[in-house]
Amino acid sequence: MKNSKSILKKLTASREVSLIIVLVILCVAIGLRSPSFLTLKSIADMFKNNVVTMIMAVGMLGVLLVGGIDISIASTLAFSGMAVGMLLKRGVITSTPLAILIAVGIGLVCGLLVGLVVAKGNVAPIIASMGFMYIYRGLAYVISNNEWASADSLGDFKNFALGKILGINNVVWIMILIYIAFFILMKWTTLGRKLYAVGSNREAAEISGINASNVILFSHTMMGVLAGLCGALAVSIYASAQANMLYGKEMDVIAACVIGGVSMTGGRGSVLGAFLGALILAIIAKALPLVGIEAIAQNTVKGVIILVVIILNVLTQRSMDKNSLKEREL
Amino acid sequence: MAGKSGRTIAHTQNKSLLKRLMCWESMLVILFIIVNIYCSSLSSTYQINNVLREMPKYLTEVFLLLPMAYILVMGDIDISVGSIVCLSATVACILGNKGLPFGLVLLVGLLTGALCGLINGIIVTKFTELPPMIVTLGTQILFRGIAEIALGSGGSISLEHAEGFRMLAGRVGRIPYILFLVLILAVIYIIILSKTTFGRKLYAIGSNKLAAYYAGVKVQKIRLIVFTLTGLMAGLSALFLTALQYGVNTTTASGFEMNAISMAVFGGISTAGGKGRLQGGVIAAFIIISLRVGLGQINLNPQVILIILGALLILAVMAPNIVEQFKLMKKRSSVK
Amino acid sequence: MSDYILELKDITKIFPGVKALDGVKFQLKKGEIHALMGENGAGKSTFIKVITGVHRAEEGEMFLEGEKVNFKKTKDAQEAGIAAVYQHPTSYPDLTVAENIFKGHEVLKFGMIQWKEMNRQAETLLEQLNADFKVTDEMGTLSVAQQQMVEIAKALSTNARIIILDEPTAALTKNESEELYRIVDKLKENGVSIIFISHRFEDMYRLADRVTVLRDSQYIGTYDVDGITNADLIKAMVGREIKDLFPKPEVKLGEEVIRVENFSRTGYFKDVSFKVRAGEIIGLTGLVGAGRTEVVESICGVTRPDSGKVFLNGKEVTIKEPSDAMKNGIILLPEDRQKQGLILSWGLGDNVTLPIISKYAKGGFNDTKKERELAKDLLESVDTKAVSIFDKASTLSGGNQQKVVVAKALAQEMKVVIMDEPTKGVDVGAKAEIYQIMGELAKEGYAIIMISSEMPEILGMSDRIVIMCNGRVTGQLDRQETTQERILELAMEKSEK
Amino acid sequence: GSSNDGGDDAKSEDGGSDSGKKVYAMVAKQAGNPFMEKMAEGFTEVVEAAGGEAIIKYPEEGKADHQITAIQSLISQGVDSISVAANDENALQPALEDAMAEGIKVNCLDSKVNADSRQLFVNQAGVDEIGQALMDAVLDISGGEGQWAILSATSQATNQNAWIDSMKEIMEGDEYSKLELVEVAYGDDEPQKSTDQTQALLSKYPDLKVICAPTTVGIMAAGKVLQDEGSATKLTGLGLPSEMAAYIGDGDDSSCPYMFLWNPIDLGRLGAYSAIALVNGDIEGAEGETFDAGDMENSPYTITDAGDGGTEVILGQPFKFDPSNIDEWKEVY
Ligand SMILES: Nc1ncnc2c1ncn2[C@@H]1O[C@H](COP(=O)(O)OP(=O)(O)OP(=O)(O)O)[C@@H](O)[C@H]1O
Ligand SMILES: Nc1ncnc2c1ncn2[C@@H]1O[C@H](COP(=O)(O)OP(=O)(O)OP(=O)(O)O)[C@@H](O)[C@H]1O
Ligand SMILES: [Mg+2]
Ligand SMILES: [Mg+2]
């Protein structure tokens with residue numbers, strides 16, 4: 001009896017669980033209004049369409065953990081995506097792995113530059129990444145030469161996002177693998193824990209011999225790598241590369257993390273949380289057209305849902321804290 | 001009275017004039033002059049009358065810079081201002097088209113902005129656990145969403161009685177009214193921030209919220225005021241923007257928040273709070289305006305302009321850091 | 001030659017504008033406990049940071065077992081077997097206690113962190129320290145003293161041969177200090193050499209074999225603890241004599257000024273009632289985490305109590321925010337001077353005058369000239385070691401920062417002064433000065449509440465002692481009628497039950 | 001010249017160029033859009049052939065706000081004409097009025113500004129012609145009956161809304177009575193959202209016969225979804241041949257049997273010809289005037305009433321792209 005109570009307590013005390021509850025309620029509510037939402041296919045579609053946000057959310061987790069933020073990621077994505085698109089269109093490359101590799105490479109350089117300016121140049125992350133947001137987006141336009149790379153010119157590459165292994169789409173597999181890798185990184189490796197340490201107390205980290213600026217550099221580079229990769233994935237998924245692709249997506253990614261309980265001041269957050277946050281946003285995006293909310297009101301509903309979710313989370317957290325205080329005997 | 005050990009503590013600063021002039025603001029003034037010389041050399045049409053004519057559109061963003069500087073000094077951020085502009089403009093246009101007296105339309109436009117700001121303020125002060133960035137991201141989507149509903153399927157409303165608004169877009173000679181207003185407001189905002197207790201409290205909040213609270217600063221009340229003020233200024237911006245485009249549409253003022261923030265940061269105001277002066281922000285705003293107008297004259301690809309502005313932003317913030325490090329090194333060796 | 005496990009020669013460390021260490025030498029024998037003492041700002045913390053590689057000295061040499069070493073990073077020192085607990089806790093508030101302890105030397109297997117094993121080892125360490133919290137607790141939820149314990153556990157966990165403790169007892173009460181002594185003794189038995197810094201003489205007498213004194217960045221001397229007297233030491237440290245450490249004036253107590261009735265806040269404290277009369281000094285004491293800080297914070301409106309009333313001069317007052325308390329003349333000197341008391345990036349003057357700018361302002365505009373004069377006077381009156389009122393608060397030593405906090409309180413109009421650990425980390429000279437000020441305030445008829453964990457201070461300064469245990473008031477004693485033992489009994493009421 | 005005093009007025013009046021060439025400016029809807037790029041190409045070609053100088057001005061973003069600053073910059077440069085593809089029908093009015101007050105000729109192309117802000121609208125195809133073509137395509141592809149849906153750009157897009165309204169009106173006719181328009185969805189011209197919306201349509205209406213997407217981004221996204229899923233639902237609408245080539249085909253494995261568009265290059269050319277005619281004083285943009293458009297198909301063009309208080313000139317009929325001609329056109333635009 002006592003044991004089961006403590007398990008229950010442990011469960012309710014974790015943020016992720018309260019998110020899962022929100023998620024279940026959301027799914028049931030939508031499922032009641034629109035039965036087709038809970039079909040396997042619809043869920044598979046949802047994951048495929050939101051792979052990009054989900055992957056970038058886990059990268060953003062790393063950046064937020066060290067107390068940073070990166071709003072250049074959608075631009076990095078467009079730049080790498082556009083680069084790959086144009087290379088394929090011009091026939092410079094044809095191989096899919098090479099295309100992905102190039103995208104990752106571009107992302108790596110982009111992220112590294114942001115990281116250098118933040119970690120070594122001591123520029124506030126929001127400012128540094130705002131500058132690069134303009135720069136990378138501008139570069140995407142410049143290399144696009146006012147063209148799109150579309151299905152016909154992408155050749156085999158567009159089929160990558162169609163392929164399945166064990167009934168699960170390739171791009172979803174990539175997402176799953178990245179999540180597993182990050183889960184291991186964040187939980188069981190010293191490097192991952194360094195991210196937490198630096199975000200929790202940078203001075204302390206430095207005194208205990210952690211090179212904080214290198215850790216920050218790493219987090220931005222990692223973010224860049226993932227954004228670059230997502231550039232390639234987005235091109236493959238939508239079979240189209242456009243210079244303005246996923247404009248403003250960075251805000252969705254940040255929102256996903258925050259909804260998932262990642263602190264914007266650093267030190268707090270989990271891979272599972274980032275995933276759940278991204279999933280909630282994905283469900284909202286998927287459900288809004290399904291449940292028949294008028295297109296014109298969709299942004300209002302989305303804004304309200306985001307506000308309600310984050311406020312609800314605060315309120316549940318508060319009442320949990322209060323409950324645990326009540327149990328303290330005086 | 002001197003201390004028990006007879007130690008005395010200086011309470012005056014003797015900064016030489018040169019040292020006083022060696023600040024970021026002076027750098028910006030020099031940069032402003034350079035940019036203007038450069039732009040005039042680029043194109044013969046970069047002339048004062050043309051600059052004055054193109055200026056009003058950009059000045060609507062400076063309205064937002066002023067309160068944004070306060071917000072940043074407090075260590076907060078508000079990314080919903082663009083949406084507030086859009087919503088206020090929408091309300092003003094709808095009421096204007098209903099035939100309400102112009103004065104009332106202006107008032108309601110301003111109040112709409114203030115109300116939105118108040119909502120932001122209430123949420124960030126009641127739920128202090130939430131970072132303002134994510135709250136204002138939510139309201140950013142929400143406020144524009146409401147405007148979208150109000151604007152209906154047309155997605156835009158044009159003024160049917162534009163006379164009043166036409167007046168707002170008027171000029172004295174070549175100088176637009178809005179420039180006067182921006183300058184007057186800038187002076188007021190600068191004085192409040194640098195000379196009054198309110199300003200000092202803003203810096204206190206931005207430097208250490210907790211210590212400010214313990215010292216009796218009404219942190220949440222001040223935050224509420226500043227967020228509301230920001231909304232009010234967004235309302236003001238909305239009125240002028242409406243006058244400049246005789247109406248409003250769903251994309252009106254999107255991206256204004258980032259422009260306002262980058263002006264402030266370029267001007268030396270730190271997003272981490274507690275640092276920087278609004279003087280710098282205002283000069284920076286005029287540098288950016290000059291640059292945009294100037295580079296526009298040679299029809300440079302706007303994306304390239306963005307690349308230049310992005311690079312400039314990063315360099316502007318990095319430069320003082322590097323100078324500081326250099327100074328520190330020098331100081332260290334001089335003590336030796 | 002290698003009589004000394006650690007030897008430093010002619011260490012000079014310069015911060016921009018400040019010479020923090022000026023040709024300091026130091027010798028640590030193998031297996032000895034060596035105290036490092038000196039006034040606030042003498043350079044003690046800086047000195048140990050030079051040893052551990054946090055700072056790099058401009059001049060001087062360091063020898064470890066006779067071999068010259070040059071630590072470039074803290075990691076080098078760690079690897080050489082030197083562990084340190086710094087003055088200001090360097091913990092990670094968002095991480096668990098266990099992770100805090102093992103940060104930097106996690107228990108690994110195949111490059112993976114072994115959480116179970118790490119938690120187990122951490123538990124063993126904490127058991128040694130008699131800690132009352134779990135290794136899976138988040139560091140941020142612990143009290144300052146508990147955090148200090150974790151820091152000590154962290155130093156123990158590295159199996160270092162030299163352990164440095166910078167004011168480990170500053171936040172500890174008598175009882176916990178005893179625990180610490182026990183541990184330090186045990187370490188010594190195991191052949192570990194220990195350097196510790198403290199402003200408490202009792203620590204030194206109880207533990208140290210030898211003591212080195214620094215003053216104004218310079219080396220004054222090293223003495224054997226046997227045979228040294230209080231007066232000698234104080235003279236070495238302060239450069240002058242201090243006659244009366246507890247200058248408690250005899251004050252005729254006046255009317256009741258403040259009365260707290262049935263104060264409760266879920267989870268923190270319950271049914272707390274006491275009153276303070278004009279000119280009275282109340283010592284509020286108890287064990288770590290007894291809830292003293294929480295009580296006074298609720299009185300001052302920092303947090304809101306669930307129930308209870310505050311009466312000022314017999315009239316009930318409602319206090320929702322610190323500013324309300326200030327308006328009523330209730331002034332709080334917060335416990336954590338760096339986070340709550342000061343804006344570290346500001347000048348001293350601006351810090352001191354922050355609570356009163358509105359009062360001095362003309363039509364909302366700051367009266368800078370007046371403010372600066374006032375700040376100068378106040379800072380001098382508490383004898384702050386600073387060059388000008390424009391010095392940044394962050395550059396002051398801990399004790400001097402505390403003086404600035406005191407000056408800040410003095411700037412305000414007050415009836416009730418609440419001081420939360422006012423002498424934590426403050427040197428004897430400064431302590432005496434703070435007591436002096438406290439006495440003067442009492443003489444002027446203010447009601448004073450002093451939270452303290454230091455027994456001599458409590459006994460030396462209070463008229464009445466209020467003892468808390470686990471969120472409740474367990475006793476109120478007159479100074480005359482009490483003893484250390486009686487106070488400790490009441491402070492541990494719960495554990496006897 | 002670095003004169004800051006406003007002197008040298010004569011020069012700024014006859015244009016920013018030094019050679020005294022006439023300067024014709026086109027303001028695009030947005031950068032990075034191939035449709036706009038092709039239009040600009042046609043525009044430039046004609047202007048340069050006529051011995052003028054062409055300026056293509058891209059706004060920072062595809063928004064009316066940014067077009068205002070672009071137009072004002074062009075006024076400063078003293079260009080002779082401004083041809084604008086407007087992002088908002090009304091928002092550019094003050095800027096364009098300023099331009100006209102300075103003696104600059106103003107026309108618009110692709111999407112119009114209101115009658116007060118322009119002298120002429122170069123319309124790609126009449127609204128009703130487009131509506132009719134699309135409606136007939138839906139009728140044909142669906143086999144005459146069943147459910148169909150529209151996937152549009154944003155719910156506020158002027159052009160799309162006009163076409164959709166026209167389609168709804170045409171649908172009143174008897175021959176369309178067995179067709180049921182189940183929903184108008186909006187993908188906001190974002191690939192991801194358009195994909196979400198397409199998938200939502202498919203799961204909500206399993207019997208959906210046709211999706212009509214009168215927008216280049218939307219039709220691409222829908223084309224991809226339908227083709228990848230091998231859906232029985234077919235697609236038509238307005239799309240760029242180069243972008244849609246992969247989806248156009250007769251077989252079951254192609255999602256789009258045919259679609260429509262007009263030639264953006266020609267649209268740009270006609271925009272340029274009309275601008276030149278305006279600048280030369282050949283026309284004033286009044287109804288009934290005609291102007292010569294070089295070797296263009298329907299030249300000379302006649303200005304007609306646009307029905308909104310202003311005038312327009314219509315490029316021609318929407319052009320149908322099907323498997324027989326797509327390979328040829330995908331190379332062109
Ligand atoms: N990072 C720093 N930058 C500039 N000055 C510093 C810095 N750290 C310490 N100082 C200065 O160096 C001197 C010595 O400080 P330190 O902290 O070593 O004193 P301490 O003896 O430990 O005092 P306390 O007993 O108060 O802890 C002080 O004058 C202090 O102001
Ligand atoms: N942020 C916090 N979250 C959760 N619990 C806390 C927090 N701060 C303090 N506590 C707990 O509240 C109780 C009372 O703490 P408080 O700081 O009032 O004690 P105290 O008597 O002043 O002790 P000290 O100041 O010596 O730590 C303690 O059990 C402490 O662990
Ligand atoms: Mg110290
Ligand atoms: Mg306490």
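Quick note: numbers below take in every heavy atom, side chains included, and nothing from hydrogens, waters or symmetry partners.
Asp94(C) places no side-chain N or O within donor-acceptor distance of the main-chain N or O of Arg268(A), the cut-off being under 3.5 Å.
More than 12 heavy atoms of other shown residues, nucleotides or ligands fall within 6.0 angstrom of atom CD in Gln476(C).
Using a 4.5 Å cut-off between heavy atoms, Ile210(A) contacts chain C through its side chain alone, with no backbone atom that close. Contact of Gln114(C) with chain A is not made at all, since no heavy-atom distance falls under 4.5 Å. Residue contact with chain A, scored on non-hydrogen atoms closer than 4.5 Å, involves the side chain of Lys103(C) exclusively. Only the side chain of Glu138(C) comes within contact range of chain A, judged by heavy atoms closer than 4.5 Å.
Counting heavy-atom pairs closer than 4.5 Å to chain A, the top-ranked of the candidates Glu106(C), Lys154(C), Met112(C), Gln78(C) is Met112(C). Comparing Lys49(C), Lys75(C), Glu99(C) by how many heavy-atom pairs each has under 4.5 Å with chain A, the most go to Glu99(C).
Tyr86(C) and Ser208(A) form no side-chain donor-acceptor contact under 3.5 Å, judged by distance and modelled atom types alone.
One finds the NZ atom of Lys322(A) at 5.5 Å from the CG atom of Asp306(C) (value rounded to the nearest 0.5 Å).
Contact annotation for residues 183-193 of chain A against chain C (heavy-atom separation below 4.5 Å, listed by residue number): Ile184(A), Lys187(A), Trp188(A), Thr189(A), Thr190(A), Arg193(A).
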